[in-house]
Amino acid sequence: MTPVIKWVFVLIFAAVTAVTLLTVLNNHMKESEWIPEDEILTEITSASLLLQNSSIMTLKPWRSSLRLSPYVRPQQYFINLYPNLEEGSFIGSVNITIILDTAQSYIKLHSKGLDITKTKLNSSSVSAFQYLEHAFWVVVPDEKLSAGEYKLEISFKGNLEDNVIGFYQSVYEDSTSHERHYIATSFFEPTYARLAFPCFDEPQLKSKFKISLIRPSSNNYIALSNMNQESEEINVPTNGFTTVHFANTVPMSTYLACFIVCDYQSLEPVKADQGFPLTVYAPSGQIKNMKYAQHVGIKAINYYVNYFGIHYPLPKLDLISIKDFRSSAMENWGLVTFQETKVLYNESINSIDEQEIIAFTVAHELAHMWFGNLVTMKWWNDIWLNEGFASYMEYKASQVVHPDWDVDTSFIIHSLKSVQSVDSKLNSHAIVKDVSASNQITRMFDGISYSKGSAVIRMLEGLLGEDVFRIGVSAYLKRFTFKNAETDDLWTELQTAAQNTVNVKKVMDTWTRQAGFPVVSAIRNGTKLTLRQQRFLSEQNTNSLHDSSPYDYKWEIPITYTTSNNNTVHKFLLSKDNVSFTIDIPDAEWIKLNHRQVGYYIINYSESDWCLLNNLLATNLDALSAADRSNLIHDAFSLANANYLSYGIALNMTKYLSLEHHYVPWDVSATNFKILSEHLYQRPTHNHLEKYVQYLLGNIKEDIWNESSDNNFIQRKFRAVIIKLGCAYGLPSYQKKVYELFKRFLNDKIKPHPDIRFTVYYYGMSQGNSSEWNKLWNLFLNEKEPLEKDNFLDALTSPKDTSILNRLLQNAKNESHVSPRDYLRIILLINRQPFGTQFVWDFLRENWQYLEDSFYYFDIQLRNHIPSVCSHFNTQEHIREINIFFDEHPEAEPALGRSSILEVVSNNIKWLKKHEAVVSNWLINSI
């Protein structure tokens, strides 16, 4: 047969088969079904693929829905998985009991990257095919299915290697023998369960899961999953493996399932007040460092049970450390997984900052046991119901674990301050945003959902009062237990609790369904206070268009204030419908609005009131709380950066800082000094800024180098902030001391105090030479303690010598030295320094193709490197370079697009023209 005749037969066969299949499907499909036939089957794109396997077809749709049918619901999964740790692969089977609410011509579920070997429906083989665009596995029965219950059985194979999502392989090195150990673990949020087993991978399609895992019988291997182990059996006739069967779960979403086979150890379980055990797992050499996480976990879980008035619904709770992990942690129900540096704590190694992060992370994930797990959002547009609440509740639980930490004040720097910077841009988005494409789902996991979500919840609690807020939240969780909810469902329950005191939905829709936040101008005239609101934008004079808002960018604003007369906190609601609003206030020397910065807005006072508040800080520091002092600094600099206020007024608010004894106002100031430093780098004014910060630090009365064990949390945090700031701004005495401590460590192995260890390593190495860098690199390679290893890695990025930085980036390509996740972090660490920005920009442009090919599993993080680097640029030449780069690499554009990056650079150029002279003159006259 000639090649031409052969291909004619191929095409004829393909066409006949396609027509036959389409005819069959056409006979079974009706217009009333979820997706019409022309949206799921249109044409066969590969005749040769069809000939190779007629049950697996790649189809090109004219249009298609991202969503699964709401009329096909899973009720029960039976999952069997065997991870082959030696070969880096797995095989499995899943038996799903499904309910069809209406007659169906096909069943559509999710599968991605799996080699499906068998599909059966009610024990009979059926045709099925892969629809690649939305990762659907489409099951096509011979006859139309009537409504009712069915059993869907699927067998499959998969790959554990080269991934950190789905079901994957993690590797760690034994701290004693230095042998490499392989484990299998999972990460499924938001849409990665489909990489591990065929499933209905949408949050509203909850089901029970009966899971069985096969583990090696020897070498201390264990199997863990969401539920407690029920039984195990040694496999026959296969020797050397044991099948572990777990209890059936409660109804839950697919992204919360978890499968782990590992050779970890555990600490003795600790029982919660409710009676269930909380157990922690880690490699043998690290298990002792899980004790603090267990301590935080048991206190947090007891607090949540009491606060919500709802028992934890599972029989056990495990926390486990994973070396290769995509995010900080994951709230799998009953088996919470953590990136090791976010859960392992050793008092002799970890700083107070690291302890704080671990406490917050553990408390955050355990809050998810209720917000997210017990009650889950219906769709990813409401992910803030999970993440915003967990991000707020972590602070409430941490305050119970550590009452001396002043956690509510720290909320300002950890959550509120940073997200307002993002939310002040035109390209920000609403908390609740439509998600209609698969690539939009992961983009919802950002600072708006987490930090802004938590900030508006904190504001709502302040408006309603703690008791009413708790009653409403508890009612919401009870009403939707094991179900799915939307934002309006929460407002309904809170409204019932609040009765008629406030219209919850009216207020909160203005905060959750439009981007941005307001600046409120507050003008006093005698005993009259007039307030006006407008949207706060970091660049007022932008010509860019922005999306319209149903509320015309006006907000229902809970206003609070105190005065010099007494400590009473006055409250009222500023309506979005009022152009201006005037109230009577007592005749007072000063007035401070937005008490403790609970409101998610900025206040702009008159110049005379800014002056009165500045004098108050200088003469009676403790008249305002640390939260209010930091609020004044934050608002003043935010307004100055955006041209609402003179930089002279903002800088005046820092003159008192030598008297400040709380770390939060200093932290806020340090952030704003850094913004100024980045704007002014390599310009003469930068020297004046350095001298001013050195002047403030030089007048501090406390003994900063005192390492007394009597120092409390606030004092330790204060000391760490001040020493780091002094090193960053070149205070000679600080630099000298740090370099001495660094050399003592390198030469004599005497480690600095954990609270300043990072600063000593980083700023000591920045003053060091190539020989000292080599010593530190070798220490990094041999270090087994994850957090200490991270400290070394940070310090290795600090030299200004580009030949050293190039050596680091070359060495780090070896994955046995540096993980792919940490390689990307190295790039950002170098960029963190003003001198490193141009180096990183050149590196990214020259190596983009390599980075894309090597880090495709971290594509979002990689693309987000570009705006991070370009945010420091302030020349027209940089704008030209950015345009050239994106023209050559359009796929490199981050979620917010090229225009947002160019807007930032353009604003930096304008900033210099408008502010440099003013800032320079103020600094010269203030030293």
Side-chain angles (χ1 to χ4, degrees), residues 350-354 413 633 651 654-678 680-682 685-709 711 713-748 750-769 772-773 776 791-792 794-801 829 832-836 923 926-927:
N350 298 116
S351 69
I352 195 68
D353 291 340
E354 291 158 348
I413 56 176
I633 297 168
L651 286 163
T654 68
K655 282 186 171 181
Y656 89 100
L657 280 173
S658 295
L659 306 173
E660 180 59 70
H661 45 74
H662 198 292
Y663 73 95
V664 171
W666 268 107
D667 189 283
V668 173
S669 300
T671 297
N672 286 290
F673 289 148
K674 186 174 188 295
I675 292 171
L676 286 175
S677 180
E678 289 169 351
L680 299 170
Y681 183 65
Q682 290 186 328
T685 306
H686 193 271
N687 294 331
H688 304 316
L689 176 64
E690 282 192 342
K691 290 179 181 178
Y692 176 65
V693 176
Q694 291 175 16
Y695 166 78
L696 292 174
L697 297 172
N699 287 325
I700 291 176
K701 303 302 182 186
E702 287 90 340
D703 180 6
I704 294 301
W705 299 101
N706 176 23
E707 296 181 357
S708 170
S709 59
N711 287 344
F713 175 85
I714 302 296
Q715 292 168 329
R716 291 176 64 184
K717 293 279 286 188
F718 174 75
R719 176 172 178 263
V721 168
I722 295 302
I723 291 177
K724 185 176 180 181
L725 192 63
C727 291
Y729 287 86
L731 190 60
S733 61
Y734 283 38
Q735 286 187 318
K736 180 181 178 182
K737 179 70 172 179
V738 160
Y739 191 43
E740 288 173 355
L741 293 173
F742 177 67
K743 287 192 293 185
R744 188 170 69 165
F745 162 67
L746 279 186
N747 298 328
D748 303 327
I750 301 174
K751 291 192 173 185
H753 189 279
D755 290 349
I756 63 169
R757 192 168 294 171
F758 169 86
T759 299
V760 169
Y761 292 164
Y762 188 87
Y763 289 100
M765 186 63 254
S766 71
Q767 301 173 67
N769 54 39
E772 289 166 334
W773 189 92
L776 191 62
N791 285 339
F792 289 159
D794 278 37
L796 289 165
T797 69
S798 67
K800 298 178 176 63
D801 187 334
L829 290 171
R832 185 171 59 184
Q833 310 169 82
F835 71 82
L923 291 170
S926 298
I927 301 173

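These values consider heavy atoms only, across backbone and side chains, with no hydrogens, waters or symmetry-generated copies.
In this structure, the side chain of E702 does not engage the main chain of I704 through any donor-acceptor pair within 3.5 Å. No donor-acceptor pair under 3.5 Å is formed between the side chain of E690 and the backbone N or O of G730. Not one N or O on the side chain of N711 forms a donor-acceptor pair closer than 3.5 Å with the backbone of R716. A distance-only check finds no donor-acceptor pair linking the side chain of S677 to the backbone of F673 [under 3.5 Å]. A donor-acceptor pair under 3.5 Å is absent between the side-chain atoms of D667 and the main chain of Y663, judged by distance alone.
Side-chain atoms of L697 and Q694, non-hydrogen and from C-beta on, never get closer than 4.5 Å to each other. E772 is not listed as a side-chain neighbour of Q767, based on a closest heavy-atom distance of 4.5 Å or more. Contact check for I723 versus H753: no side-chain heavy atoms found under the 4.5 Å cut-off. Looking at heavy atoms from C-beta onward, S351 lies out of side-chain contact with F758 at the 4.5 angstrom threshold.
Not counting sequence neighbours, K691 has no partner by the salt bridge (charged side-chain N to carboxylate O under 4.0 Å, His left out) test. S733 is linked by a side-chain contact (heavy atoms from CB on, under 4.5 Å) to L731, counting only residues two or more places apart in sequence or in another chain. Residues that satisfy the salt bridge (charged side-chain N to carboxylate O under 4.0 Å, His left out) test with E707, not counting sequence neighbours, are R719.
Here the straight-line distance linking atom CD1 of I722 with atom CD1 of I700 works out to 4.0 Å at 0.5 Å rounding. Taken from CG in D353 to CD1 in I756, the straight-line distance is 12.0 Å, to the nearest 0.5 Å. Rounded to the nearest 0.5 angstrom, K736 NZ and L741 CG are separated by 12.0 Å. Atom NZ of K674 is separated from atom OG1 of T671 by 8.5 Å, given to the nearest 0.5 angstrom. One distance of note links CE of M765 with CG of L796; it measures 7.5 Å at 0.5 Å rounding. Taking CG of L923 as the reference point, atom NE2 of H686 lies at 11.0 Å (rounded to 0.5 Å).
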Query raised in the report: Yes or no on ring pair (Phe, Tyr, Trp, His ring centres under 6.0 Å) for W705 and Y734, after CA distance, side-chain angles and deciding distance?
Result: CA-CA 10 Å; W705 299 101; Y734 283 38; 5.5 Å; yes

Requested in this report: Before giving the answer on side-chain contact (heavy atoms from CB on, under 4.5 Å), spell out for S669 and L657 the whole-Å C-alpha distance, their side-chain angles and the decisive distance to 0.1 Å.
Outcome: CA-CA 9 Å; S669 300; L657 280 173; 3.3 Å; yes

Requested in this report: Could you walk me through whether Q735 and Y763 pass side-chain contact (heavy atoms from CB on, under 4.5 Å), step by step?
Outcome: CA-CA 7 Å; Q735 286 187 318; Y763 289 100; over 6 Å; no

Query - Step-by-step side-chain contact (heavy atoms from CB on, under 4.5 Å) determination, V760 to F745 - result: CA-CA 9 Å; V760 169; F745 162 67; 5.8 Å; no

Query - side-chain contact (heavy atoms from CB on, under 4.5 Å) evaluation trace for K743 with L746 - result: CA-CA 5 Å; K743 287 192 293 185; L746 279 186; 5.6 Å; no

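In this structure, V738 and C727 approach most closely via the heavy-atom pair CG2-SG, 3.3 Å. Scanning all heavy atoms of the two residues, the minimum distance from G764 to Y739 falls at O-CD1, 3.6 Å. Of all heavy-atom pairs spanning Q833 and S798, the tightest one is OE1-O, 3.0 Å. Across L829 and Y762, no two heavy atoms sit closer than the pair O-OH, 4.5 Å.
In the displayed structure, Y695 atom OH is contacted under 6.0 Å by at most 12 heavy atoms of other residues, nucleotides or ligands.
For the side-chain contact (heavy atoms from CB on, under 4.5 Å) with L696, the lone residue among Y656, Y729, W666 that qualifies is W666.
Taking the six-membered ring where the residue is Trp, F742 and Y761 present perpendicular rings, their angle passing 60° and hence far from 30°.
Residues E740 and R744 are not paired through a salt bridge, judged by the lack of any N-O separation under 4.0 Å between the basic side chain and the carboxylate.
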